[in-house]
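Taking it in order: structure first as structure tokens, then the write-up.
Below, read A as the first sequence line, B as the second, and so on, with proteins coming before strands; counting in each chain starts at 1.
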Protein chains: 2
Amino acid sequence: MAEKKSDRTRAAILAAARERFGADGYERATIRAIAADAAIDPAMVMRYYGSKEKLFAAAAEFDVRLPDLSGVPREQAGEVLVRHLVERWEEDDTLRVLLRTAVTNESAAERMRQVFIGQLTPAFERAAVDQPAVRAGLIATQALGFALCRYILVFEPIATLSTDRAVAWLGPTITRYLTAPDPSHV
Amino acid sequence: MAEKKSDRTRAAILAAARERFGADGYERATIRAIAADAAIDPAMVMRYYGSKEKLFAAAAEFDVRLPDLSGVPREQAGEVLVRHLVERWEEDDTLRVLLRTAVTNESAAERMRQVFIGQLTPAFERAAVDQPAVRAGLIATQALGFALCRYILVFEPIATLSTDRAVAWLGPTITRYLTAPDPSHV
DNA sequence: AGCATATGCCAACACTTGTTGACTTTTCGA
DNA sequence: TCGAAAAGTCAACAAGTGTTGGCATATGCT
């Protein structure tokens, strides 16, 4: 087995980094605080990750793992998508890290775009949906707005809504953005 | 007339502060940069506003000016509300300042809550809407999510969508959150 | 005009940040 | 067992931050 000890502190740093970045955002999360949480020296962070930016990049790494919607009837696609996103959001805080940071950090915003536009749009294209970009964007507004209000701004009662109720409310909205004809009078 | 000169620099500082806070967020917007934009000395900022936090508070001061929905038929309430919000959002950047900052600053988040929950909920209560808090929260998720994607994260094509198309897409969503019966199977 | 006051600038402070290099301790194979 | 490599510690750096006090200048009233 390769270096076990170093791998453990490496992981400890990453875990502490995710927590701090998620709670405080990029600027206010300091290397010193992250190191203190991981109970190691700040210099170790530099040794293992090179710089704060690289540490953030490592902490914000993640797969979107979009669900396969091909077998789902169009009318339920919204609910399936929302449920997937909410559960994904709940299970680890990587997406929260990214969202908090994307607001003030351009490279994080770029990654957010890749995820929500760059992955959703082609998926809709393949499903032969018209105006895939607009629909993907609209879905992103509702999904990210929900995450913002629930996890970051902590709006009650949104923050304490059960997953089921959230899905029941949001699902039809997403479905409509996915299936409704363009309502513009053009 | 009272001190004219000082009022002018006061306003210049405030304008520069709004721009910087809106573009960079609270932490990355420095007093020195704001002062440079206003073409004055950093010490002037302190003289006039006391501290960075107080300057931010002044820059983020604003009225929501919710439209009067009493004369509007329920089915069009969403469109009226969305149009009002988008236009409000477009005309000055105070709300953008607040949104960018609320993500990492607790007092800004608190003000955001006051605006979107504390003002919307009672308005719905007066209109005898059931579950006013949930509906206000849902509307906030869609409205803020749209603002986030359009102004902060700059998702295309959401960022360049015309007001009319945005209203046509989002309006029915808001109307549904305002009027639809609770879809939860409880 | 003369002076008090408002307005502005400069230099410096105390502090925090990311980052670095030299040094010590631990680990572990030959 | 010995010694090189890995892992960790410590102190300090250069830069940038909000903030302050002292000093110069301009303004406007009598």
- request: Could you state the atom-to-atom distance from CE of M46(A) to P of dT20(C) in whole Å?
  value: 5 Å

message: Measure OH/Y49(A) against C1'/dT19(C) and give the value in whole Å, please.
response: 18 Å

- prompt: Which nucleotide sits closest to the side chain of D41(A): dC10(D), dT19(D), dC9(C)?
  reply: dC10(D)

task: Write down the atom of G25(B), the atom of T104(A), and the distance for their closest heavy-atom approach.
output: CA-CG2, 4.0 Å

message: Quick check on DNA chain C: between I40(B) and G50(A), whose nearest nucleotide comes earlier from the 5' end?
response: I40(B)

field: Most 5' of R47(B) and S51(B) on DNA chain D, judged by nearest nucleotide
entry: S51(B)

- line: Atom CZ of R8(A) and atom C1' of dA6(D) are separated, to the nearest Å, by 14 Å

Closest non-hydrogen atom pair between P157(A) and A133(B), with its separation: CD-O, 3.5 Å

Minimum-distance nucleotide (side-chain atoms of K52(B) versus dG18(C), dG18(D), dT9(D)): dG18(D)

task: Any side-chain hydrogen bond (donor to acceptor under 3.5 Å, both in side chains) involving residues 26-40 of chain A? Give me the pairs, sequence neighbours left out, ordered by first then second residue.
output: R20(A)-D37(A)

query: Quick one, which residues of residues 17-38 of chain B touch DNA chain D with a heavy atom under 4.0 Å?
result: A29(B), T30(B), I31(B), R32(B)

task: Mark yes or no for whether K54(B), through its side chain, and Y48(B), through its backbone, hold a donor-acceptor pair below 3.5 Å.
output: no

- request: To the nearest Å, give me how far apart OH (Y48(B)) and P (dT20(D)) are.
  value: 17 Å

message: Just by distance, no angles: are the side chains of D92(A) and T94(A) close enough, under 3.5 Å, to form a donor-acceptor pair?
response: yes

Residue pairs fulfilling side-chain hydrogen bond (donor to acceptor under 3.5 Å, both in side chains) with at least one residue in residues 108-118 of chain B, sequence neighbours excluded: E106(B)-R113(B), E110(B)-R113(B)

- prompt: Rounded to the nearest Å, what distance is computed from the CE atom of residue M44(A) to the P atom of nucleotide dT24(C)?
  reply: 16 Å

